[in-house]
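The next block holds one structure in the form of structure tokens; read it before the comments.
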Amino acid sequence: MLRLVILATCLTLGHFADHDTFKNCSRVEFCNTLRNRQPFDKYAVDPSTITIDDNGSVKMTLKAKKGSDLQLELLALVDRTFRLRIKETASTRYELHDVLVAEPQLAHIDGVLQQDNYVTIQVGETTAQIFYDPFVVNFYLVQVHQVVIDGSTLTFDESLDQAFAFNVKFPAALQLYGLHEHADSLALRDTNGSDPYRLRNLDVAGYELDSPMALYGAVPVLYGWGTYSHAGVFLHNAAEQWYDITNGQWDTQANVMVESGMFDLFVMIGPSPEDLVQRYLSLTGTFRLPQLWTLGYHQSRWSYMSQEEVKDVVANFTTYNFPLDVIWLDVDYTDGKKYFTWDPATYSDPVEMQKNISAAFKRLVAIIDPHIKVEKGYNVYDGALEKGYFVKRANGSVFEGDCWPGLSSYIDFLNPDARQYYGSYYSYDKFPYSTPVLSGIWNDMNEPSVFDNSIEKTLPGDSLHFGNVSHRDIHNIYGLLHTMSTHQGLLDRDNGTTRPFILTRAHFAGTQRYSGIWTGDNTAGWGYLSVSYDSCLGANLLGLVFCGADVGGFSGNPDTELLQRWYQAGAWLPFYRAHASSDTQRREPYLFDSGVQGVIRGAIQMRYQHLPVWYTLFYEHERNKVPVIRPLFYHYSYELETFKLRNHLLVGRDILVRAVAEPGVETVTVHFPGSENEHWMPVDSTEVYEGTTDVDVPVDIKSIPVFYRVGSVIVRKDLVRLSTDEMANDGYTINACLDRRNQSTGTVFLDDFTSYNYANNKQYNYLRIDMDDVNVALTKIDEDSNPDGFDFVIDEVIIHRIVQEPQNGKPGRYVKTVHKTDANGQLLKNLKFNYDEPVSIKLGL
Ligand SMILES: *[C@@H]1O[C@H](CO)[C@@H](O)[C@H](O)[C@H]1NC(C)=O
Ligand SMILES: *[C@@H]1O[C@H](CO)[C@@H](O)[C@H](O)[C@H]1NC(C)=O
Ligand SMILES: *[C@@H]1O[C@H](CO)[C@@H](O)[C@H](O)[C@H]1NC(C)=O
Ligand SMILES: *[C@@H]1O[C@H](CO)[C@@H](O)[C@H](O)[C@H]1NC(C)=O
Ligand SMILES: *[C@@H]1O[C@H](CO)[C@@H](O)[C@H](O)[C@H]1NC(C)=O
Ligand SMILES: *[C@@H]1O[C@H](CO)[C@@H](O)[C@H](O)[C@H]1NC(C)=O
Ligand SMILES: *[C@@H]1O[C@H](CO)[C@@H](O)[C@H](O)[C@H]1NC(C)=O
Ligand SMILES: *[C@@H]1O[C@H](CO)[C@@H](O)[C@H](O)[C@H]1NC(C)=O
Ligand SMILES: *[C@@H]1O[C@H](CO)[C@@H](O)[C@H](O)[C@H]1NC(C)=O
């Protein structure tokens with residue numbers, strides 16, 4: 001009996017977060033108090049205080065029936081966005097910096113109407129309406145009621161220091177999304193039977209599924225999704241927050257509880273999903289186009305313990321014919337966990353190691369964390385200590401806590417000089433033996449993590465930052481500021497010539513301007529494979545587009561079925577890296593039998609074939625503020641069936657992927673969106689499916705269901721080599737999926753794959769491709785761009801044509817024809833195009 005109990009404990013280890021360490025709402029005073037507050041109309045507008053200035057700002061006093069009065073300011077912004085700020089008359093609250101991409105642009109107010117009991121502000125088709133008593137703020141688009149700030153529940157609770165709370169309602173919405181990051185379904189659940197969703201960046205080992213517990217990232221955005229109208233709010237505040245959620249017609253709302261900082265709320269009105277996401281990205285920025293190699297496959301482990309091991313792993317990838325672009329170094333490469341150093345015994349010749357990696361057309365990424373080992377004589381420590389660049393305790397002494405190196409201090413990234421100082425260590429002269437082959441940096445443990453359970457494994461809230469700012473006010477941007485420092489450091493290191501690659505664990509609104517993210521220390525279980533789709537889709541709707549999860553799961557040992565499914569599913573998330581904890585069995589793909597190797601190789605090759613799709617989508621993200629991967633409801637929000645769908649995603653608009661996150665299955669249910677006018681073609685068979693249907697599609701272990709949208713052109717590189725560099729000069733394959741009118745269209749983007757010349761000098765080749773049954777037409781999208789040196793070389797064209805329409809839920813059939821020459825018998829790849837004029841090529845048979 002005893003043995004059984006012990007066994008059960010071991011099996012579940014890693015699946016359960018430590019609930020003694022990580023608090024629930026009832027153990028956090030402000031949450032416990034504010035969660036169950038009763039509405040009581042504490043505030044009313046004093047109409048005599050209303051002022052309206054012609055640059056879009058409306059101000060008024062909220063008279064408190066009890067306690068202190070508040071000041072309200074409403075700003076009308078461009079792009080159907082409002083900003084509502086509420087604070088005490090003598091506010092000492094921290095005003096957040098560094099999050100918004102720029103100061104938001106004010107809109108022209110078209111009309112103000114002051115009535116006895118309310119005032120309305122009209123901006124284009126949007127209206128903000130403020131009722132005086134009871135105090136309520138309504139936001140409309142034309143006549144549709146979009147967002148309500150319910151004044152009856154507004155609470156500034158002086159007994160709880162600076163905590164405040166309010167309710168926000170979304171009358172046109174049916175379902176709430178957002179509040180990244182939680183290990184839960186993308187659709188936020190009603191929280192009436194559980195804890196509220198918590199936003200506080202924390203290092204939660206063994207995090208649980210279906211849980212509102214806080215994780216590494218915090219993005220305080222709620223999207224209210226309907227079938228015809230979409231609106232959202234963004235709370236510009238980096239303190240700890242809790243959100244109670246209710247979904248349902250006429251009753252979609254959140255109860256928002258915040259520990260400190262400003263009530264500074266952006267209200268964003270769609271009405272379309274695309275509009276709504278664009279509004280949010282206009283405020284917080286986009287992810288810049290990454291270097292092409294970052295989209296390849298990454299191999300990591302905690303840790304590759306020596307340069308010999310690195311050499312052997314890289315050699316094995318080559319020997320066993322697995323594509324690989326990047327090998328990663330976790331903490332053990334350092335000398336005693338001192339960042340910006342190398343272990344002299346195990347990494348005795350980092351320069352030669354990097355040369356060898358580069359000779360194999362691979363790159364290196366190494367980890368650099370924000371905690372600095374307390375050790376006199378360690379230059380990074382000495383300099384930061386001398387200049388006062390560490391976070392301090394409430395009593396003014398430098399904070400010291402336990403982390404990987406033992407006793408550590410934490411860089412105070414709120415201080416711009418400290419950011420500059422830390423960033424400067426990335427330069428080649430200050431990071432000994434680093435070379436350009438060290439092509440990216442991994443910023444981990446930046447919640448920040450402190451090994452002390454009594455403080456939820458992070459800095460105490462009363463620690464002090466630059467300018468005497470309490471840690472509690474800025475906790476959730478610590479990781480953002482860390483990556484900001486790294487980003488500038490890498491830009492400076494390479495004179496601004498190379499696009500930095502950074503991966504971060506902690507993140508906040510705006511992190512996308514500096515870094516990609518991954519879902520942290522997940523577990524080798526089927527549910528974690530599934531939730532990686534929820535999590536990265538959620539991140540993509542919030543601009544954090546470069547997102548992935550540790551393939552195989554960080555903790556625990558996946559069986560080979562799970563591992564294969566994970567490689568297949570992970571190939572369709574933007575960031576594709578395998579990583580594993582130090583206590584797991586080795587699982588580099590070449591270590592398995594040839595059958596398993598074949599499946600994993602196929603998954604990675606599928607990724608490399610579609611790299612032109614990924615690269616183009618990342619460019620279009622930056623250009624158009626659109627997510628790279630998308631939940632189905634982003635394009636098909638009129639279909640309620642898409643709202644809670646799991647294990648499905650769209651890559652761009654045109655590729656539908658169904659992860660197989662169920663063991664031992666012979667079929668999986670695929671939801672095909674888009675009504676009977678939308679058709680979907682599987683990449684590896686000849687059926688055709690139509691929307692809107694749910695179909696049980698057969699699967700075997702070799703692949704997961706992937707479909708191209710009929711009407712699309714998918715540009716691939718079908719000859720897969722062992723790295724992106726080795727594929728640089730290969731030509732492209734155009735896959736045209738013809739619709740009923742024999743038409744299809746798509747785009748492709750090419751540039752030098754590394755520099756900012758695409759942005760600074762318009763040096764790129766961005767083409768629209770239109771195909772019918774015999775012609776390929778290429779049109780330059782930007783007249784003034786310069787495509788010299790970036791020829792779009794076509795190896796072949798594959799036409800997918802429907803020969804039998806799907807009917808009554810039964811799949812139809814398509815056929816493929818491959819064309820390698822034009823009508824004159826010229827090989828397509830030998831044709832050179834004049835990009836200044838649209839070109840049309842008539843295909844040969
Ligand atoms: C909150 O956590 C404490 C300690 O783990 C536990 O005893 C308590 O039951 C929890 N409360 C709720 C409402 O979950
Ligand atoms: C316009 O707004 C700015 C701040 O946003 C303010 O300083 C200025 O006084 C305003 N102008 C008017 C005419 O009120
Ligand atoms: C939560 O709300 C739903 C819908 O209103 C209701 O059916 C359910 O009983 C509630 N659960 C709890 C625990 O109150
Ligand atoms: C390389 O592959 C061989 C053969 O599978 C294996 O024995 C060896 O352990 C591998 N080396 C590393 C570092 O993975
Ligand atoms: C670099 O490659 C050479 C040739 O394979 C090998 O002898 C040497 O040990 C490698 N050095 C490192 C540091 O990996
Ligand atoms: C501040 O607090 C720390 C930890 O409690 C203590 O070690 C240190 O001596 C204190 N410093 C001052 C200046 O009081
Ligand atoms: C720093 O802030 C604390 C309260 O957060 C206050 O007691 C203290 O006086 C401030 N110190 C300075 C130098 O402003
Ligand atoms: C950056 O500029 C310096 C000074 O002009 C030069 O020495 C260095 O080689 C440049 N580095 C890169 C990576 O371009
Ligand atoms: C589509 O192309 C096929 C093959 O060239 C042709 O037979 C058919 O008539 C075309 N259909 C339309 C609507 O143009």
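Index from 1, following the sequence. As the structure lists them, so they are numbered: ligands from 1, and atoms in each ligand from 1. Just the heavy atoms: all of them, side chains too, but no hydrogens, waters or symmetry mates, feed the values below. Given the structure is predicted, the values throughout are model-derived calculations rather than measurements.
Of the options Asp654, Val683, Leu656, a side chain to side chain contact (heavy atoms under 4.5 Å, CB included) to Tyr708 is made by Val683 and by none of the others.
Figure legend: Arg577 and Trp328 shown as a cation-pi pair, the cationic atom lying under 6.0 angstrom from the six-membered ring centre and within 45 degrees of its axis.
Evaluation of the side-chain hydrogen bond (donor to acceptor under 3.5 Å, both in side chains) rule for Asp349 yields no partner, not counting sequence neighbours. In terms of the side-chain hydrogen bond (donor to acceptor under 3.5 Å, both in side chains) criterion, Asp335 has no residue partners (sequence neighbours excluded).
The part of Arg801 lying near ligand 9 is the side chain, judged by heavy-atom distances below 4.0 Å.
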Acceptor/donor pairs from residues 312-324 side chains to any protein atom, 3.5 angstrom cut, sequence neighbours excluded:
{"unit_1": "Thr318", "atom_1": "OG1", "unit_2": "Val314", "atom_2": "O", "d": "3.3"}
{"unit_1": "Thr319", "atom_1": "OG1", "unit_2": "Ala315", "atom_2": "O", "d": "2.8"}

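Residue Asn742 has at least one N or O atom closer than 3.5 Å to an N or O atom of ligand 9. For a threshold of 3.5 Å applied to N or O pairs, the pair formed by Arg740 and ligand 9 contains no separation below that value.
Inspection of the Glu687 and Ser685 side chains reveals an N or O donor paired with an N or O acceptor under 3.5 Å.
Every atom of ligand 5 is numbered from 1 in the order shown, and the set under 4.0 Å from a heavy atom of Glu352 is 1 (C), 8 (C), 10 (C), 11 (N), 12 (C), 13 (C). Listed by number with element, the atoms of ligand 5 under 4.0 Å from a non-hydrogen atom of Asn356 are 1 (C), 2 (O), 3 (C), 8 (C), 10 (C), 11 (N), 12 (C), 14 (O).
Within 4.0 Å of ligand 1, counting heavy atoms only, the contacting residues are His19, Asp20, Asn24, Ser26, Arg27.
Using a 4.5 Å heavy-atom cutoff, the side chains of Glu690 and Phe672 are not in contact.
When all heavy atoms of Asp203 and Met445 are compared, the closest pair comes out as OD2-CE, 4.0 Å.
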